[in-house]
Amino acid sequence: MKIGYPCINRSVNCRGNRTFRLASYSPERFIDVCTANLDCLSQVLRYNVASGILFFRISSDIIPFASHPVLDVAWQEILGEKLGEIGRYIRANRIRISMHPDQFVVINSNRSDVVERSVRELEYHADFLGLLGLSEDARIQIHVGGVYGDRVGAMDRFISSYHELLDDRVRKYLSIENDDRCYCLADCLEISRKTGIPVIFDNFHHSLLNRGEPVSGAMASAAATWGGGCGLPMVDYSSQEPGKRPGVHAETIDTDDFSTFVETCSGLDFDIMLEIKDKEKSALQAIDCLSSDPRLITGVDS
DNA sequence: CGCGGTCAAGTGGCT
DNA sequence: AGCCACTTGACCGCG
């Protein structure tokens, strides 16, 4: 079991998600920002390894505007060597990597222009992981998309987009995650049966949108969609921020809730991405928590 | 130098 | 109809 956090480290004095406004695009600026982002990524990965954190989500902004038509720079070529170097570090230290394209990736949209942009964005993510030299145990996670008043039709559109529009380099890494509004775990499992896509279980979304499945069974059925070279199941974990609207992610980890969750999943091994706002701070607490709680059979990798 | 409006992109649900 | 939330706040013009 590995513990991770997304995109940003608040202890390291750099950012790996710098971007700029489209209006201020220039090739020089683009390369400068990418270079700084990749240097920061290296620093953050080193911090993580030193801290025993072996799971990390890389920001989709690491290469800003990567799939945008404004881009007249072959970033794959210019940054390829640097990416290869970072990838060697990742593999040497057995760091698990995920990426989470943002909400604009909707491959089941009923607008073909939206679908086309989504495919290009997924290809960017796949190229990025490919240049790192990562196997399919690195994952790109997306939500299923919109419903458009016709869930069955929209799910069918997702499946046909998957088969017809995504090439192997994208399919290799693609995973789907249950969300808190449109597509619950059961929907994702159904798509998984028809496509073979592994399902990332999000416990917090599941608590907000479900069909009554207890967490242990939900986890087991999501875990069963993982196999082959895809590695251990990935799980997104969060809890409710007290006093806020339902659905707001916690500022800091609730270690009781976290221990209960892991205990509920005993018998399964998996990697946990903490979607908690204070990032590496909670990851360190989670690792402590797993290492010190005798009720938890699963040990943490470090 | 700090503040705040706005930022490439979508969708659904809230008020 | 407009605003907000989402995996993540940061950029940049203005005073």
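What you see below is based on every heavy atom in this structure, not just the backbone, and it leaves out hydrogens, waters and symmetry mates. Per chain, numbering begins at 1; letters A, B, ... match sequence-line order.
Among the heavy atoms of the strands, none lies under 4.0 Å from A/Arg120. Within 4.0 Å (heavy atoms only), A/Ser24 reaches sugar-phosphate atoms of the nucleic acid but no base atom. A/Thr19 comes within contact range of the sugar-phosphate backbone alone, with a heavy-atom separation under 4.0 Å but no base atom that close.
Rounded to whole Å, the separation between the C1' atoms of C/dA1 and B/dA8 comes to 24 Å. The C1' atoms of C/dC6 and B/dC3 are separated by 26 Å, rounded to the nearest whole Å. Spacing of C1' atoms, B/dG4 relative to C/dT7, comes out at 24 Å, to the nearest Å. Separating the C1' atom of B/dC1 from that of C/dT8 is a span of 26 Å, rounded to the nearest Å. Spacing between B/dA9 and C/dA5 at atom C1', rounded to whole Å, works out to 16 Å. Using atom P as the reference point in both B/dC7 and C/dC3, the two lie 14 Å apart (nearest Å).
With hydrogens and angles disregarded, no donor-acceptor distance shorter than 3.5 Å links the side chain of A/Arg10 to the backbone of A/Glu280. Put simply, the side chain of A/Ser282 gets close to the backbone of A/Ile253: a donor and an acceptor are under 3.5 Å apart. Within the 3.5 Å criterion, the main-chain N or O of A/Lys2 finds a donor-acceptor partner in the side chain of A/Asp271.
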If the sugar-phosphate is the primed atoms plus P, OP1 and OP2 and the base is the rest, what is the B/S/- string for nucleotides 8-15 of chain B, using protein heavy atoms under 4.0 Å?
-> BBBBBS--

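By the 6.0 Å and 45° rule, A/Arg157 stacks over the aromatic ring of A/Tyr148.
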Steps toward ring pair (Phe, Tyr, Trp, His ring centres under 6.0 Å) verdict (A/Trp226, A/Phe270) | CA-CA 10 Å; A/Trp226 292 72; A/Phe270 51 94; over 10 Å; no

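Residue A/Arg18 has no polar side-chain atom (N or O) positioned under 4.0 Å from OP1 or OP2 of C/dC12.
Two residues are said to be in side-chain contact when any heavy atoms from C-beta on lie closer than 4.5 Å; A/Asn210 and A/Cys184 fail this criterion. In this structure, A/Phe20 and A/Phe65 have side chains that are in contact, with non-hydrogen atoms separated by less than 4.5 Å.
The separation between A/Ile62 atom CD1 and C/dT7 atom C1' is 15 Å, rounded to whole Å. Rounded to whole angstrom, the span from the CG atom of A/Leu122 across to the C1' atom of C/dT7 amounts to 15 Å. Taking atom OH of A/Tyr25 as the reference point, atom C1' of C/dC11 lies 18 Å away to the nearest angstrom. Rounded to whole angstrom, the span from the CG atom of A/Asn9 across to the C1' atom of C/dT7 amounts to 16 Å. Atom CD in A/Glu251 sits about 13 Å away from atom C1' in C/dG9, given to the nearest Å. We find that CZ of A/Arg15 is positioned 11 Å from P of C/dG9, with the value rounded to whole Å. Across the protein-nucleic acid pair, A/Arg57 atom CZ and C/dT7 atom C1' stand 5 Å apart, rounded to whole Å. Atom NZ of A/Lys279 and atom C1' of C/dT7 are 8 Å apart (whole Å).
A/Phe204 forms part of a hydrophobic cluster together with A/Leu208, judged by ILVMFWY side-chain heavy-atom separations under 4.5 Å. Under a 4.5 Å side-chain heavy-atom cut-off, the cluster of Ile, Leu, Val, Met, Phe, Trp and Tyr residues that includes A/Phe104 has no other member.
We find the CG-CD distance between A/Leu274 and A/Gln285 to be 10.0 Å, quoted to the nearest 0.5 Å.
Counted by atom type alone, A/Ser60 and A/His100 present zero donor-acceptor pairs between their side chains at under 3.5 Å. No side-chain donor from either of A/Glu275 and A/Ser238 sits under 3.5 Å from a side-chain acceptor of the other.
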Taking Watson-Crick and G-U wobble pairs with both distances under 3.5 Å, convert DNA chain C into its dot-bracket string, 5' to 3', dots for unpaired and | for cross-strand pairs.
-> ||||||..|||||||

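Annotation: proximity of residues 125-144 of chain A to DNA chain C (heavy atom, distance under 4.0 Å) is found for A/His143, numbered in ascending order.
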Using atom types as modelled, flag every donor-acceptor pair under 3.5 Å from a side chain in residues 126-144 of chain A to any protein atom, sequence neighbours excluded.
residue, atom, partner, partner atom, Å
A/Asp127, OD1, A/Arg169, NH1, 2.8
A/Asp127, OD2, A/Arg169, NH1, 3.1
A/Ser135, OG, A/Asp137, N, 3.2
A/Ser135, OG, A/Asp137, OD1, 3.4
A/Asp137, OD2, A/Arg96, NE, 3.3
A/Arg139, NE, A/Tyr173, O, 3.3
A/Arg139, NE, A/Ser175, OG, 2.8
A/Arg139, NH1, A/Glu136, O, 2.8
A/Arg139, NH1, A/Lys172, O, 3.0
A/Arg139, NH2, A/Tyr173, O, 3.4
A/Arg139, NH2, A/Leu174, O, 2.6
A/Arg139, NH2, A/Ser175, OG, 3.4
A/Gln141, OE1, A/Arg57, NH2, 3.3
A/Gln141, NE2, A/Glu177, OE1, 2.8
A/Gln141, NE2, A/Asp236, OD2, 2.9
A/His143, ND1, A/Glu177, O, 3.2

